[in-house]
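Heads up: the structure comes next, in structure tokens.
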There are 2 protein chains.
Amino acid sequence: MSLGSRKQLILQAIIEDYINTAEPVGSRTVSKKYLKDISPATIRNEMADLEEMGYIEQPHTSAGRVPSDKGYRLYVDRLMEQKTIDWHDYEFIRKEFMDTVGEIDRLIKHASKLLSAMTKYASIAMAPQFKRTCLKHLQLIKVDSHNILAVIVTDAGIIKNSVIRTDSDIEVDALEKISNMLNQKLIGLSIEELVNMDITKINSGINNNEDYKQVLTKVLPELLQALRYSERAEIYSDGAANLLDLPEYSDVQKAKDFFSILDKNDILYEILKDVSEKTTVTIGKENKIHQLKDCSIITATYSYNGKVIGSIGVLGPTRMNYSKVISIVDCLTQNLNDILTKIIKT
Amino acid sequence: MSLGSRKQLILQAIIEDYINTAEPVGSRTVSKKYLKDISPATIRNEMADLEEMGYIEQPHTSAGRVPSDKGYRLYVDRLMEQKTIDWHDYEFIRKEFMDTVGEIDRLIKHASKLLSAMTKYASIAMAPQFKRTCLKHLQLIKVDSHNILAVIVTDAGIIKNSVIRTDSDIEVDALEKISNMLNQKLIGLSIEELVNMDITKINSGINNNEDYKQVLTKVLPELLQALRYSERAEIYSDGAANLLDLPEYSDVQKAKDFFSILDKNDILYEILKDVSEKTTVTIGKENKIHQLKDCSIITATYSYNGKVIGSIGVLGPTRMNYSKVISIVDCLTQNLNDILTKIIKT
DNA sequence: ATTTAGCACTCGATAGTGATGAGTGCTAAC
DNA sequence: GTTAGCACTCATCACTATCGAGTGCTAAAT
């Protein structure tokens, strides 16, 4: 059976009405609110076909129809009008980001807050993934006799520090020279490469001075270890409470299941780690994480210097206002990219 | 009317049963489960007195009694047995912290996660309050021609960096000298003092060299501004989903109200900012934040070097297992203090 | 002077009932 | 191919009756 254009109109009407009301949509409603020149009876016939094709479902006899995952998918891919963000929202985002200053992690956190506030769904965000960036500058600073501070600047502007404890008192001069040597040798490498590097390889051929070598063998392993610990990016979520306003979560058990997921960083990490560069919609059971089979996720990435460094997403029920959320996510990541370029201007 | 010891026993029984069951407690239950040698009728008389005194309440006629805030307060202050943490929990905390390495913020986040997992309530935590610590080391690093990195180490081991943009290309040597000058002048000051400091005061009398002065007037304001932005400490919360298991939040509206609060960092900040050094219990309407009038909060602080640098807390219903939570919070902050001392060993 | 048994009373919770109405599928007429 | 008509389904809601946990009071027992 083919999907004639009238069937598409009816499907679109059902989906949009359901997105607004969360109530099963009947043939009468479609006829009265959306397609006034088609009678309910005709629509009923078409709906029976749409159900057979798997685009809509009936919760029970004598109820209206509800879109299936497959229906939403068709809607998102072909039916939905590509809304451009409305001016009000656009200005709001613009303004919010204009005032933002400070560290990049804080910026991402703020973006996540903004995203949940504007969409009224839950948002998640991953701070820049350190390991994908490249070393731009490394500096060892002597804090006191037993502590060395390593400061790492990467090409995405992410800055990390770690304190390295040493038994021996290393002289400031020596430290500076080691800093320089390491810089020469390591700059340009990605953090991922760096932490997996063979230490002896770094050591060899740098300098034959025994003093330095001794210090290096002490400092270097600690440094790499510290890097490893900060490898996994921070994950933020926000606006979970929004979902409690939705009828799909009036059942406390459902709500609980959802909230439990938001508390599990490893699951959120799974969602965000391998995100396609363009805005992506994942609907219901399409999701690999089975606990999210009643949710849809919209994800996008943000980049600096053409390099993807992190991602951000919106979680909501499959009955999500896809066009609105997509437009907001797009606008937000665009602004994020702009401001990142500005902040980390080199 | 005085609170005889039998009344106390009955009150204690009512509270402990209510903590376990969340159901109003009747005279029969008290007699059967707790005070077998007193008849229900006698207990009824005593309960009438306890109600008159305001320690318990009746949701409606023909229901059992429920503790009031005042009742819980008496229980916490005088009736409750001071439980020492059970060995299993103790070992668990000990072990969790043993394996923890990395940045201090991450440690606090982990502590919060642990706290909610063990208590089955929601937890909140404030990362070290930067502003209360004192400057120990300041270093300016030249990243490239337009960016200077300021690294700040404080006496509590907290490390912050901020990138300062400059129009003019400052030479490495000059930067180092400025670093040294600033160090001499500023070390020992608290960050709070520092950000409120008059810039001209710092400038004056350092060095008459015009070159440096020029640089200083550019760098210093930016530095102080950057410090101001990171002044407010990060706040984490965890385990909110736990509360959805409790019958008091089977009403979605109540749950929503609670979750909304957890999303508002300024409210959490209010809760955590002025916390007494010893573990504190705040019950129901005792709380300044009226949205939390049905909640109890248990807060405690963690310190480094005898100086309180942050706080941590548990949020739950007034029907909270006070003795258990207190013992866990105490044990956890103790371990936190220990490990902080170890990590930031100077 | 307490304590306790007995009893009438209150009131929320639960289950059963019937009416209502939104929505369907089918049939026959347009 | 489209639509009006109609019998049928089934969730929802309001109403009612019943049940039982728990109370307060009174009078008897200790």
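The structure displayed is predicted, hence computed values, not measured ones. Quick note on labels: first sequence line is chain A, next is B, and so on, each numbered from 1.
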Check [Y] with [X], please: is the shortest side-chain N to carboxylate O separation under 4.0 Å?
X	Y	value
B:Arg6	B:Glu46	yes
A:Asp49	A:Lys7	yes
A:Lys254	A:Glu248	no

Pair listing, side-chain hydrogen bond (donor to acceptor under 3.5 Å, both in side chains) test, anchored in residues 71-83 of chain A, at least two apart: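 Found A:Glu16-A:Tyr75, A:Arg73-A:Asp77, A:Arg73-A:Glu286.
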Residue-level proximity of residues 15-28 of chain B to DNA chain D when a heavy atom falls under 4.0 Å: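 DNA chain D contact set from residues 15-28 of chain B: B:Gly26, B:Ser27.
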Partner of A:Ser27 by side chain to side chain contact (heavy atoms under 4.5 Å, CB included), out of A:Ile38, A:Asn45, A:Ile43: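 So, applying the side chain to side chain contact (heavy atoms under 4.5 Å, CB included) to A:Ser27 and each of A:Ile38, A:Asn45, A:Ile43, only A:Ile43 qualifies.
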Residue that, paired with B:Cys331, satisfies side chain to side chain contact (heavy atoms under 4.5 Å, CB included) out of B:Thr84, B:Asp89, B:Ile85: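 Single pass found, and it is B:Ile85.
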Residue B:Lys120 excluded, over 12 heavy atoms near NZ under 6.0 Å: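 Count not over threshold, so no.
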Give a yes-or-no answer on whether the side chains of [X] and [Y] include a donor-acceptor pair shorter than 3.5 Å.
X	Y	value
B:Tyr34	B:Thr29	no
B:Asn287	B:Thr282	no
A:Asp238	A:Ser123	no

List, with names and distances, any nitrogen or oxygen atoms from the protein found under 3.5 Å away from nitrogen or oxygen atoms belonging to nucleotides 2-4 of chain C.
from  : atom 1 : to      : atom 2 : distance (Å)
C:dT3 : OP1    : B:Arg6  : NH1    : 3.1
C:dT3 : OP2    : B:Arg6  : NH2    : 2.9
C:dT4 : OP2    : B:Ser39 : N      : 3.3
C:dT4 : OP2    : B:Ser39 : OG     : 3.2
C:dT4 : OP2    : B:Thr42 : OG1    : 2.4
C:dT4 : O5'    : B:Ser39 : OG     : 3.4

DNA chain C contacts among residues 55-66 of chain A, heavy-atom distance under 4.0 Å: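 Under 4.0 Å from DNA chain C: A:Gln58, A:Ser62, A:Ala63, A:Gly64, A:Arg65.
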Donor-acceptor under 3.5 Å (A:Arg65 side chain, A:Ile56 main chain):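 No; zero donor-acceptor contacts below 3.5 Å.
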Heavy-atom contact window of chain A on DNA chain D, given 5' to 3' at under 4.0 Å: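 Terminal contacting nucleotides, 5' to 3': D:dT2 to D:dA11.
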A:Phe258: ring pair (Phe, Tyr, Trp, His ring centres under 6.0 Å) partners, not counting sequence neighbours: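 Scan of A:Phe258 (ring pair (Phe, Tyr, Trp, His ring centres under 6.0 Å), adjacent residues dropped) gives A:Tyr249.
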